[in-house]
> 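Just passing along the structure, written as structure tokens.
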Amino acid sequence: MRKVKVGVIGAGVISHIYLKNCTGMFRYILDVKAVADLVPELARKRADEFGIPHVYTVDELLADDEIEVVLNLTAPAAHAPLNLRALQAGKHVYTEKPFALTREDADEVLQLAEAKGLRVGCAPDTFLGAGVQTCIKLIDDGWIGTPYAANGTIIMGNASDGMHPNFRNFLKLGGDPVMDMCPYYLTALVAMLGPVRRVTGSAQQLRREITVTNPNSPAYGQTVAVEAPTNVSAVLDFHSGAIAGLQAAKESFGYSPRLEVFGTEGNLIVPDPNFFGGAVYIKFPNGETKEVPHSHPYAEEGRGMGLADMAHAIQSGRQNRASGRLARHIIDISLAIFEASETERHVHLQSTVERPKPLPLGLKHYALDL
Ligand SMILES: NC(=O)c1ccc[n+]([C@@H]2O[C@H](COP(=O)([O-])OP(=O)(O)OC[C@H]3O[C@@H](n4cnc5c(N)ncnc54)[C@H](O)[C@@H]3O)[C@@H](O)[C@H]2O)c1
């Protein structure tokens with residue numbers, strides 16, 4: 001199979017696992033040619049770690065005609081502007097979430113890609129992992145009857161430990177619980193239940209500033225402004241008729257993820273959609289709870305799978321699963337949660353999307369097409 005040549009922009013924390021997987025399990029279809037970052041030493045470090053031939057500036061990377069796809073792993077505010085530049089340069093883009101911070105930016109990216117005949121992909125791709133793919137199959141095969149409700153919770157600490165090198169990004173729109181963490185839950189829900197029709201919710205910001213409390217952080221003792229909601233509760237109505245509740249906060253301590261889908265004949269306990277694997281359980285009406293073996297491979301940390309899937313799609317002409325259109329719907333839902341809270345009403349969504357096609361059964365490990 002032909003390898004698709006990739007240039008990576010953004011060599012921060014998450015680039016490590018992407019580069020490990022793109023040069024490891026997905027090297028049969030991806031060839032990472034260059035890394036770029038505003039901080040050239042970070043790009044150099046990653047290139048040395050993973051044997052990437054070139055360390056470029058962003059301009060150099062975009063000017064390299066051999067690079068077909070830009071993998072955008074930069075900070076949230078840079079996603080849409082860089083994706084537009086990459087598309088202008090004639091390259092497909094696969095970007096980390098959030099896809100954009102406004103609907104207008106999201107639409108501009110999709111429209112430019114359409115005009116140029118280029119692909120757009122966006123994280124999360126965790127819904128392609130064994131956990132959520134198994135849940136999709138169980139729902140589609142009727143194991144829980146008609147899914148009528150779902151409940152998602154992601155409660156985690158705020159950024160006051162200051163250990164992420166750019167922890168300030170988590171205190172702004174884009175790093176907030178809705179834009180940063182809900183994409184995993186919303187994408188899994190849309191992949192299982194289909195698109196969302198309307199949204200209501202409440203968003204609040206418990207503090208105006210935080211002080212970094214961890215003495216190991218270079219920012220220890222600094223007080224930093226909080227610029228986005230940090231505690232959010234939403235209700236989502238799906239076109240299918242199902243209704244879901246979603247609670248997301250970056251306020252308290254620890255990390256408490258939970259996702260359940262309730263059906264007329266069983267309740268499905270979905271593993272944390274921030275990861276690829278995890279145990280799947282069904283609670284049956286007789287009170288029994290059974291763990292269900294995974295029907296699909298990819299239970300390990302597989303970030304980059306959405307990009308590998310897009311590389312298959314570029315070559316075969318099929319749709320890519322972690323698509324820009326799916327991400328656009330997720331942005332629409334996320335912004336609608338904030339708007340519903342501000343205006344105290346239901347917000348009807350402008351966008352819709354088809355459920356991404358489930359992965360086929362019987363894949364050879366690491367392949368994404370039969
Ligand atoms: N850290 C995680 O665990 C994690 C997990 C999943 C997804 N993500 C997402 O991945 C993205 C990156 O996260 P991260 O934790 O790696 O952040 P990071 O701050 O560690 O890395 C981002 C890198 O992008 C570079 N950058 C920013 N703007 C740029 C520009 N205009 N041109 C070139 N380089 C630029 C920065 O210098 C930095 O090195 C975010 O959108 C985040 O939501 C992060």
Side-chain angles (χ1 to χ4, degrees), residues 7-22 34-47 49 54-63 67 70-86 88-89 91 93-101 105-106 109 121-129 154 156-157 159 161-188 217-219 228 248 250 255 257 272-276 301-307 322 327 330-331 334:
V8 179
I9 306 183
V13 173
I14 203 63
S15 67
H16 186 273
I17 186 67
Y18 270 95
L19 284 166
K20 178 172 180 250
N21 291 343
C22 293
V35 192
D37 195 289
L38 285 179
V39 184
E41 305 81 68
L42 291 176
R44 165 55 57 204
K45 181 169 173 252
R46 288 290 186 247
E49 275 175 297
H54 299 284
V55 174
Y56 281 156
T57 63
V58 172
D59 285 345
E60 286 167 345
L61 190 146
L62 296 180
I67 291 176
V70 165
L71 171 59
N72 184 350
L73 305 179
T74 62
H79 290 170
L82 274 176
N83 290 336
L84 287 170
R85 285 184 63 198
Q88 285 292 6
K91 302 185 188 316
V93 291
Y94 185 88
T95 185
E96 252 303 331
K97 48 80 193 161
F99 184 45
L101 300 182
D105 283 356
V109 170
C122 184
D125 51 4
T126 43
F127 74 96
L128 299 175
I154 175 63
M156 55 198 285
D161 105 320
M163 289 310 286
H164 187 284
N166 294 308
F167 73 94
R168 286 173 179 77
N169 287 337
F170 293 106
L171 302 170
K172 299 177 183 164
L173 192 71
D176 63 280
V178 172
M179 292 283 208
D180 183 44
M181 292 310 292
C182 285
Y184 298 104
Y185 293 77
L186 293 171
T187 306
S217 166
K250 287 194 186 185
Y255 178 77
D272 181 358
N274 188 15
F275 296 98
F276 288 78
E301 172 56 270
R303 273 167 227 257
M305 198 171 170
L307 172 61
I330 302 304
I331 286 298
S334 304

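Ligands are counted one by one from 1 in listed order, and the atoms in each one are counted from 1 as well. Nothing here was measured: the structure is a model prediction, and the numbers come from that model.
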> Quick one: nearest non-hydrogen protein atom to atom 28 (N) of ligand 1, plus distance?
Leu38 CD1, 3.7 Å
> Between Asp125 and Lys97, is there a side-chain N and carboxylate O pair less than 4.0 Å apart?
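Result for this pair is no, no salt bridge flagged.
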> Would you find a donor on one side and an acceptor on the other, under 3.5 Å apart, between the side chain of Lys250 and the backbone of Phe170?
no
> Give yes or no for whether the N/O distance cutoff of 3.5 Å, strictly under, is met between Asp37 and ligand 1.
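Between Asp37 and ligand 1, an N or O pair is found under 3.5 Å apart.
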> Short list, please: which atoms of ligand 1 are under 4.0 Å from a heavy atom of Gly10?
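Answer, ordered by atom number: 24 (O).
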> Check this for me, if you would: do Arg44 and Asp37 make a salt bridge, where the nitrogen-to-carboxylate-oxygen distance has to be below 4.0 angstrom?
no
> Which bit of His79 gets closer than 4.0 Å to ligand 1, counting heavy atoms only: side chain, backbone, both or neither?
side chain
> Examine Arg303 against ligand 1 and note whether any of their N/O atoms are separated by less than 3.5 Å.
no
> Can you name the atoms of ligand 1, numbered from 1 with element, that are less than 4.0 Å from a heavy atom of Asp180?
43 (O)
> Counting both backbone and side chain atoms, is some N or O of Asn169 under 3.5 Å from an N or O of ligand 1?
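No - when backbone and side-chain N and O of Asn169 are compared with those of ligand 1, no distance drops under 3.5 Å.
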> Short N/O distance, under 3.5 Å, between Ile14 and ligand 1?
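Min N/O separation from ligand 1 is below 3.5 Å for Ile14.
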> Which of the atoms of ligand 1 are close to Ile9, meaning less than 4.0 Å from one of its heavy atoms?
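Numbered from 1, ligand 1 contributes 33 (C).
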> Below 4.0 angstrom from a heavy atom of Asn166, which ligand 1 atoms are there? Numbered from 1 as shown, please.
18 (P), 19 (O)
> May I ask you to check if ligand 1 and Tyr184 share an N or O to N or O distance below 3.5 Å?
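In fact, backbone or side chain, Tyr184 has no N or O that close.
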> So if I count the atoms of ligand 1 from 1 in the order they appear, which ones are less than 4.0 Å from some heavy atom of Leu42?
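Numbered from 1, ligand 1 contributes 39 (O).
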